[in-house]
Number of protein chains: 2
Amino acid sequence: MIYSKATEYALNALVYLAEQAPDDRNGVHQIADALDIPGHFLGKILQDLRKEKIVESSRGRSGGFRLARAPAEIGLYDVVSVLEDLQRYEMCIFDEYECTVDRPCSMVCEWNAVKNHITGFLQNHSLADLQMVRQFRADLDIPK
Amino acid sequence: MIYSKATEYALNALVYLAEQAPDDRNGVHQIADALDIPGHFLGKILQDLRKEKIVESSRGRSGGFRLARAPAEIGLYDVVSVLEDLQRYEMCIFDEYECTVDRPCSMVCEWNAVKNHITGFLQNHSLADLQMVRQFRADLDIPK
DNA sequence: ATCTATTCAGACATAAAAGTCTTAAATAAT
DNA sequence: ATTATTTAAGACTTTTATGTCTGAATAGAT
């Protein structure tokens, strides 16, 4: 993954939630155990996602997390931007300078196309797309 | 920058060296001062680059660093791979699984195209290209 | 009402990245 | 030979990312 562990865990947890019945509450430990990722860390990540209205939670005995809306309505860009500083990807490969269309670097530096590709991918795909990928893999028994 | 500080400093330092007379020795402090980056840290980075034969060094009174070959012969992939684990970029956006052409993920997941774009950029460009970018910017007085 | 499972919130701990410092070894100039 | 300058190497510190723990708040079950 080119992003942090937090983003990786978030994407996996969200796909997990997408695969459950839409109204089911899923406990942090249930998710963490199923995905084999650190439970308390996932808890913090889910709280961040909750603040951005990507998941909903309820406390108490049968509490847990669920998606705040349908997977197709949850864009990857929105998810990733919760946990990553995507401003980084607006910088030129060369250094910290910003690289925009009205600056010559963007003409010379094809890096611009690369970073637009990354950002575009995130903007044009949703959780539903990721979910489909995982389903394909499961169907074909792609090993860990 | 999507890469680490070390990579950023390395690219800047190498472009700096490319702009000097080919046989000149350039001291770490001279480079670090010119680029306003931490001197001792740069020293370690240059040692890593030396071990990979990207720069040469000589000790003593009029010692310093210089490029081991012409800028056009120094590929960005070679430089970046010294300081980054580029294996990361072969992983699927979804998780740590490897995503290759003979696996279904690569057909569904356009992420594959994104990461090939990144890797391809590095493989198809050299220090000389970066140097040209910097020259353009300097000529047009692009501010910091 | 009480018990218990659960999230919430934040403090705490560990690991990795980034940066600093010190000392040794090499070499050119004096 | 001595000295000043420079890289080489590694220990050390700081900062950020990752991960853990604890206790309080909440709400369903009994």
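Chain letters run A, B, ... following the sequence lines, proteins first and then strands; every chain starts at 1.
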Problem - pair A/Ile37-A/Asn12: side-chain heavy atoms closer than 4.5 Å - result: no
Practice task
Check B/Leu46 against B/Val55 and note the closest heavy-atom contact, atom names and distance.
Solution key: O-CG2, 3.6 Å
Practice task
Would you mind reading off the distance between B/Tyr3 atom OH and C/dA17 atom C1', rounded to a whole angstrom?
Solution key: 17 Å
Exercise for the section: Quick one: closest heavy-atom pair of A/Ala68 and A/Lys53, and the distance? Expected result: CB-O, 3.3 Å
Exercise for the section: Quick one: label A/Arg50 by what it contacts on the DNA or RNA (base, sugar-phosphate, nothing), any heavy atom closer than 4.0 Å. Expected result: sugar-phosphate
Close N or O pairs between protein and nucleotides 11-16 of chain C (under 3.5 Å):
none

Handout entry: Atom-to-atom span, CD1 of A/Ile31 to C1' of C/dT6 - whole angstrom
Key = 12 Å
Exercise for the section: Specify the separation, in whole Å, of atom CG of B/Leu42 and atom P of C/dC21. Expected result: 16 Å
Problem - Minimum heavy-atom distance between A/Gly43 and A/Val28, given as atom pair plus value - result: N-CG1, 3.9 Å
Handout entry: Listed partners of A/Glu56 passing salt bridge (Lys or Arg N to Asp or Glu O under 4.0 Å), at least two apart
Key = A/Arg66
Problem - Minimal non-hydrogen separation, A/Leu67 against A/Ala18, with atom names - result: CD1-CA, 3.7 Å
Handout entry: Partner residues of A/Glu73 under the salt bridge (Lys or Arg N to Asp or Glu O under 4.0 Å) criterion, sequence neighbours left out
Key = none
Problem - Length of the CG-P vector between B/Leu83 and C/dG19, whole Å - result: 13 Å
Exercise for the section: Extract, from 5' to 3' on DNA chain D, the first and final nucleotides lying under 4.0 angstrom from some heavy atom of chain B. Expected result: D/dA4 to D/dA11
Practice task
Could you pull out all residues at least two apart from A/Glu19 that satisfy side chain to side chain donor-acceptor pair (under 3.5 Å)?
Solution key: A/Arg134
Exercise for the section: Return the minimal non-hydrogen interatomic distance between B/Leu17 and B/Phe65, and the atom names on each side. Expected result: CD2-O, 3.7 Å
Problem - B/Glu84 side chain vs B/Ser4 backbone, donor-acceptor pair below 3.5 Å - result: yes
Problem - A/Gln47 CD - C/dA9 P separation (whole Å) - result: 6 Å
Handout entry: B/Asp48 CG to C/dA17 C1', straight-line distance once rounded to whole Å
Key = 13 Å
Practice task
With heavy atoms under 4.0 Å as the rule, sort B/Gly64 into base, sugar-phosphate or nothing.
Solution key: sugar-phosphate
What N/O pairs connect the protein and nucleotides 27-30 of chain C at under 3.5 Å? Give each pair on its own line.
{"from": "C/dT27", "atom 1": "O2", "to": "B/Arg61", "atom 2": "N", "distance (Å)": "3.1"}

Completion exercise
Ranking A/His40 and A/Ala6 by the position along DNA chain D of their nearest nucleotide, the one closer to 5' is A/Ala6
Fill in the blank from the handout: Shortest non-hydrogen pair, B/Val80 vs B/Thr7, comes out as CG2-CG2, 4.1 Å
Handout entry: Interatomic distance, A/His29 NE2 vs C/dT7 P [rounded to whole Å]
Key = 7 Å
